[in-house]
Amino acid sequence: MRPTVLCFSGLDPSGGAGLQADIEAIGQSGAHAAIACTALTIQNSQQVFGFEATSSQLLLAQANAVVNDLPIQCVKSGMLGTTENIQALADFLKSHPEYQYVLDPVLVANSGGSLGDQATLVHAFQQLIPLATIITPNTIELRALTGLDDLELATQKLLSMGAHAVLVKGGHEATADYIRNALYINGELISETTCARLDGEYHGSGCSLASYIAGRLALGDNIQQAVNHAETWLFATLKNAESPVVGGQKIPKRF
Ligand code: PLP
């Protein structure tokens, strides 16, 4: 069986983000996706109307059901919804130090809607940071996690909080025609990649990127290879993204 990524992520009915993005991205990376569902959200490509989080007991029961059943090589987390779920994931990861772990520190949807109480999530994320093989914050999440505005200082602070590797995604910065991502491993800037900024906004781009990285790690790539593969793949999915009927955020075409 293909190496498996176990995702802790939420359901987005639009299919753009969340666990559907994870399944599609990981499938495209060549790995198999398993899901422990953290929350059922109510949203479309334009806005989040609400969500109901899974209890931490149910979340762990889902994850534990597949632990000895599937060849899990990597865990990936996206929306976790509550501090209880973050604590449960931290406990799960501590009891499985053999798993690689991709932490996408989701705080809000790209549409701006709440996916949990930001202050409590930021605080709880601190315990996941040292457990991660790589963390993939956008610059809004990076600033929120560190409380610092300057990106270089914020990245250094995140690294000092125990992050092994960090991919800082520059899509929310005010660069008009390009996007720059920066990869840090073991405290060092390893690479900076720049791509053209495509028109419009995209729903689920962060989930897709982090999941593809997780898939490639599960298949044996090192961190830099996994990130390079994922960035190239994501760009194509955004270039081919599909526009919803009423003009919401575009949905990456992952096939
Ligand atoms: N996870 C879920 C369940 C979501 O609904 C969202 C956004 O709506 C996200 C994660 C984050 O999405 P993005 O990749 O657009 O940051």
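Atoms within a ligand are numbered from 1 in the order they appear, just like the ligands themselves. Since the model is a prediction, treat every value here as computed from it, not as a measurement.
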Atoms of ligand 1 close to Leu115 [distance to a heavy atom under 4.0 angstrom, numbered from 1]: 4 (C), 6 (C), 7 (C), 9 (C)
Which label fits His96 and Tyr99: parallel for a plane angle under 30°, tilted from 30 to 60°, or perpendicular past 60°? parallel
Can you give me the closest heavy-atom contact between Gly248 and Gln46, atom names plus distance? CA-CG, 3.6 Å
Can you find an N or O of Leu11 that's nearer than 3.5 Å to an N or O of ligand 1? no
So, is Cys207 polar-close to ligand 1, with some N/O to N/O distance under 3.5 Å? yes
Between Ala210 and Lys76, the two heavy atoms sitting closest are CB-CE, 3.8 Å
Please report whether ligand 1 has a polar contact with Asp12, defined as an N or O pair separated by less than 3.5 Å (distance criterion only). no
Nearest to atom 3 (C) of ligand 1, what protein heavy atom do you find, and at what distance? Gly10 O, 3.4 Å
Looking at every non-hydrogen atom in both residues, tell me the closest pair between Asp221 and His229 and how far apart they are. OD2-ND1, 2.8 Å
So with a 6.0 Å cut-off around NE2 of His123, is the heavy-atom count from everything else above 12? no
Side-chain heavy atoms of Thr136 within contact of Val227, under 4.5 Å: no
Nearest to atom 7 (C) of ligand 1, what protein heavy atom do you find, and at what distance? Ala109 CB, 3.5 Å
For the residue pair Tyr212 and Trp233, does the interplanar ring angle fall in the parallel (under 30°), tilted (30 to 60°) or perpendicular (over 60°) class? parallel
Which atoms of ligand 1 are found less than 4.0 Å from any heavy atom of Gly18? 1 (N), 2 (C), 3 (C)
Would you say Gly204 contacts ligand 1, with heavy atoms under 4.0 Å as the rule? yes
Under 4.0 Å, heavy atoms only, figure out whether ligand 1 is touched by the backbone of Ser205, its side chain, both or neither. backbone
Looking at atom 5 (O) of ligand 1, what's its closest protein heavy atom, distance included? Gln43 NE2, 2.4 Å
